[in-house]
Amino acid sequence: IVSGGLRDLDQYMLQRRTGAKSFGLQMARTIQGTLPVLVISSVAGAAAVPLFSVPATLIGAVFGVFTSWNMSVQPAYGASWAANDRTWIITVFRRTLSSVLLVGAVAVAGFVTVAPKAIELWTRGALEPSRAMCASVAAVLAVQSVSATVQFCLVGINQHRAIALIELLH
């Protein structure tokens, strides 16, 4: 094999391992996103799924902003890591995590207060989630958002082993 570029076997194997790890993370996220619905429908029946999915969709819109931000900044983490600019990575990561925690706390508090009645009015009484259900859903999505913030940073700097630990703890 000729060395350099795409013909370098070591580089190819490294890229293949990194791709496999990233694929594994994507599979874990897919399972993480679908498992609650599968469990709820299996245990409580399909009629109970909207009690989770409607609040999750609504609060997910808030946390989706952070997911988009983290996806867009992930390549910058990698570029800064390659340039040995650890200070930039730490600064951006801290600011992002602080924003997720602050906005997340405010969103969860507001959501738990307003969502049960708003969902009941929106569905004309067809769906009446409890405050406890809304709090549970919001807490799950807040934890997932914090976890995603850490994961996107670690993927950016190619630290897949640390991410695997986060997935196990999640």
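All values below come from the heavy atoms of this structure, side chains included, with hydrogens, waters and symmetry mates left out.
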Side chain proximity check, Phe66 to Val103, heavy atoms < 4.5 angstrom: yes
Considering only heavy atoms from C-beta outward, does the side chain of Phe63 approach that of Val108 to under 4.5 Å? yes
Arg131 and Thr113 have their tightest heavy-atom pair at NH1-O, 2.8 Å
Can you tell me which residue pairs pass the side-chain hydrogen bond (donor to acceptor under 3.5 Å, both in side chains) test with a partner in residues 73-92, sequence neighbours excluded? Asn84-Arg86
Atom CD1 of Ile40 and atom OG of Ser53: how far apart are they, to the nearest 0.5 Å? 8.0 Å
Connected via hydrophobic side-chain network under 4.5 Å: Phe111 and Trp122: yes
All heavy atoms of Val49 vs all of Ser41, minimum pair found to be CG2-CB, 3.6 Å
Rounded to the nearest 0.5 Å, what's the gap from OG on Ser147 to CG on Leu141? Could you check? 12.0 Å
Reported CZ-to-CD1 distance for the pair Arg94 and Ile89, which is rounded to 0.5 angstrom: 12.5 Å
Looking only at heavy atoms, which two atoms of Cys153 and Phe93 are closest? And how far apart? CB-CD1, 3.8 Å
Minimal non-hydrogen separation, Leu127 against Pro50, with atom names: CD2-O, 3.6 Å
Look only at the side chain of Ser136 and the backbone of Ala132, and say whether a donor-acceptor pair between them is shorter than 3.5 Å. no
At what distance, to the nearest 0.5 angstrom, does OG1 of Thr57 lie from CD1 of Ile119? 9.5 Å
Shortest non-hydrogen pair, Pro129 vs Pro116, comes out as O-CB, 3.4 Å
Treating Ile, Leu, Val, Met, Phe, Trp and Tyr as nodes and any side-chain heavy-atom pair under 4.5 angstrom as an edge, say whether Trp69 and Leu101 lie in one connected cluster. yes
Among the clusters formed by ILVMFWY side chains lying less than 4.5 Å apart, do Ile90 and Val155 turn up in the same one? no
Derivation and outcome, side chain to side chain contact (heavy atoms under 4.5 Å, CB included), residues Phe152 and Val73: CA-CA 8 Å; Phe152 279 111; Val73 80; over 6 Å; no
Gap separating the SG atom of Cys134 from the CD1 atom of Ile59, nearest 0.5 angstrom: 9.0 Å
Considering non-hydrogen atoms only, spot the tightest contact between Leu51 and Met133 and give its length. O-CG, 3.3 Å
Out of curiosity, Leu35 CG to Thr30 OG1, how far, rounded to the nearest 0.5 Å? 12.0 Å
